[in-house]
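See structure below.
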Amino acid sequence: MSTRPSLDIAVRAAAVLGEGPTWDAAARRLIWVDILSSRVHTYDPATGRRTTLATEQHVGAAKPRAGGGLVVNLRDGIGVYGADGGFAWLLREAVHGRRGNDAAVAPDGSLWAGTMRYDEATGGGTLSRVGADGSRTEFLPEVTVSNGIGWSPDGRLMYYIDTPTRRIDVFDVADGAGAAGAAGAVGTDGPVVSGRRPFVEVEAGAGFPDGLCVDADGAVWVALWDGAAIRRYAPDGTLDRVVELPFPRPTACAFGGTDLRDLYLTSARVGLGAAAPPLAGSLLVIPGVGQGLAQPAFAG
């Protein structure tokens, strides 16, 4: 179950808080962020070309847009970059002491964006659905460190992590319009998401669940902060693989490459000081480790 597969260095870096790897199929590149350095990075594995975009605020996540450009989860809300690089706010809701964290694009093209407080105060964050027009529906009002979000291959399950709970939770996703603000439902123009329940719980001493992705078999891959590992859980919640890593703080994972068979891993140096291993903060890749799912672009 525990393995040390071939790990390649995609980008040798010293990211303070590397996060949110996302494969941009249209541009054939990987997008990832360094949250606390306010940077959005891209990497083209075919050519080795890299780019860096400096944002004006801490950036929790960056995802491709259907019409080109990026949608970003910033300190004070959701912003968009056009294909020409121009920036505009889609939704601005500044809350003192709070910032955007992980985000993911749902099968319907909406953005599910999380927030957290800088001091990680219990219940100080949220999880919201943001539509293409910038409309926001708050789904979970009292989370602590909103993190990994993903959907099953058929779109009928949504996975979610509030890191200090040590759990990956799962929700049911059904067709039809849910009453906005109703318990266990979200939005009036999209699927109904309800029925929160634990999927797996990470045992004490193994680290804290951070970012996740779902593969073509419906298994959930999760990065374990302070656990120096990536885990794969089968659709029934059974732990079936542990990938050991050369740094303690992996943050997230995503399948990429033109065939979606390579697993990219982001990592962090924050809090490690002089004891940080050489590869902490780099973007790594495990070639041919599984089969990923194509990810939708944000509709806005």
key: side chain to side chain contact (heavy atoms under 4.5 Å, CB included) between I161 and F208, worked out   = CA-CA 10 Å; I161 292 170; F208 292 84; over 6 Å; no
key: Derivation of the side chain to side chain contact (heavy atoms under 4.5 Å, CB included) call for L224 and I230   = CA-CA 6 Å; L224 296 181; I230 299 284; over 6 Å; no
task = Show the numbers, then the answer: is there a side chain to side chain donor-acceptor pair (under 3.5 Å) between Q291 and D217?
result = CA-CA 8 Å; Q291 180 61 59; D217 295 326; over 6 Å; no
From CA spacing to verdict: salt bridge (charged side-chain N to carboxylate O under 4.0 Å, His left out), R249, D226 = CA-CA 5 Å; R249 292 185 167 174; D226 281 342; 2.7 Å; yes
task = Might you work through the side chain to side chain contact (heavy atoms under 4.5 Å, CB included) test for V289 and D262, ending with a clear yes or no?
result = CA-CA 6 Å; V289 74; D262 303 330; over 6 Å; no
request  = Evaluate side chain to side chain contact (heavy atoms under 4.5 Å, CB included) for V40 paired with I31, printing each intermediate quantity in order.
outcome  = CA-CA 7 Å; V40 178; I31 302 167; 3.9 Å; yes
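The environment of CZ in R136 is crowded: more than 12 heavy-atom neighbours from other residues, nucleotides or ligands sit within 6.0 Å. In E142, the CD atom is not crowded: 12 or fewer heavy atoms of neighbouring residues, nucleotides or ligands sit closer than 6.0 Å. The 12-atom threshold is exceeded at CZ of R197, counting heavy atoms of other residues, nucleotides or ligands nearer than 6.0 Å. Around the CD atom of E56, the shell of radius 6.0 Å holds no more than 12 heavy atoms that belong to other residues, nucleotides or ligands.
Here the shortest heavy-atom pairing between A252 and A223 reads N-CB, 3.5 Å. Heavy-atom minimum distance, A268 versus A280: O-CB, 3.8 Å. For the residue pair A61 and D102, the shortest heavy atom distance occurs at CB-C, 4.2 Å. Of all heavy-atom pairs spanning S110 and R129, the tightest one is OG-NE, 3.4 Å. Scanning both residues, V72 and A62, for their nearest heavy atoms gives CG1-CB, 3.8 Å. Counting all heavy atoms, side chain and backbone alike, R65 lies closest to A297 at C-CB, 3.7 Å.
Salt bridge present: R231 and E203 bring a charged side-chain N and a carboxylate O closer than 4.0 Å. Salt bridge absent: D215 and R261 never bring a charged side-chain N and a carboxylate O closer than 4.0 Å.
Hydrophobic clustering, with ILVMFWY side chains joined whenever heavy atoms are under 4.5 angstrom apart, keeps V285 apart from L7. I78 and W89 sit in two unconnected hydrophobic clusters of ILVMFWY residues. Membership requires side-chain heavy atoms under 4.5 Å apart, directly or through other members. Hydrophobic clustering of Ile, Leu, Val, Met, Phe, Trp and Tyr side chains at less than 4.5 Å, counting indirect connections, unites V80 with L91. In the hydrophobic cluster analysis, where Ile, Leu, Val, Met, Phe, Trp and Tyr join through side-chain heavy atoms closer than 4.5 angstrom, V214 is grouped together with V170. Linking Ile, Leu, Val, Met, Phe, Trp and Tyr whenever their side-chain heavy atoms come within less than 4.5 Å puts L90 and L111 in one cluster.
Residue R241 holds its CZ atom at 8.5 Å from CZ of R232, rounded to the nearest 0.5 Å. For the atom pair N73 CG and S146 OG, the distance stands at 9.0 Å (nearest 0.5 Å). Put simply, CZ on R29 and CG on D24 are 5.0 Å apart, with the number rounded to the nearest 0.5 Å. Atom-to-atom distance recorded for S267:OG and W225:CH2 is 9.5 Å, nearest 0.5 angstrom. With values rounded to the nearest 0.5 angstrom, K63 atom NZ is found 14.0 Å from W23 atom CH2. With values rounded to the nearest 0.5 angstrom, T55 atom OG1 is found 6.5 Å from L53 atom CG.
Checked by atom type and distance alone, the side chain of R117 pairs as donor or acceptor with a backbone atom of H96 at under 3.5 Å. The main-chain N or O of A46 is found under 3.5 Å from a side-chain atom of D44 such that the two form a donor-acceptor pair. S282 places no side-chain N or O within 3.5 Å of a backbone atom of R12 that could act as its donor or acceptor partner. No donor-acceptor pair closer than 3.5 Å links the side chain of T126 to the backbone N or O of S128.
Remark: aromatic rings of F139 and W112 are close, center separation under 6.0 Å. A centroid separation of 6.0 Å or more is found between the aromatic rings of Y233 and W221. Aromatic ring centres of F255 and Y264 lie farther apart than the 6.0 Å criterion allows.
Here the side chains of P141 and E138 are in contact, with some heavy-atom distance below 4.5 Å. Between N101 and M116, some side-chain heavy-atom pair lies under the 4.5 Å cut-off. Taking the side chain as every heavy atom from C-beta outward, V200 and Y159 never approach each other to under 4.5 Å. Counting heavy atoms from C-beta outward, C253 and C213 have side chains that approach closer than 4.5 Å. Side-chain atoms of I9 and L284, non-hydrogen and from C-beta on, do get closer than 4.5 Å to each other. The shortest side-chain heavy-atom distance between Y160 and V143 falls under the 4.5 Å cut-off.
Taking the ring centre of Y118 as origin, the terminal cationic atom of R98 falls outside the region bounded by 6.0 Å and 45° from the ring axis.
Test D34, T251, D210 against T266 for side-chain hydrogen bond (donor to acceptor under 3.5 Å, both in side chains) and you get one pass: T251. Among the candidates L127, L140, T144, the single residue satisfying the side chain to side chain contact (heavy atoms under 4.5 Å, CB included) test with D162 is T144.
Listed by chain and residue number, D169 satisfy the salt bridge (charged side-chain N to carboxylate O under 4.0 Å, His left out) test with R196 (two or more places apart in sequence, or in another chain).
One side chain, T163 or N147, offers a donor N or O that lies under 3.5 Å from an acceptor on the other. Side-chain contact check for D240 and T238: no donor-acceptor pair (N or O, by modelled atom type) lies under 3.5 Å.
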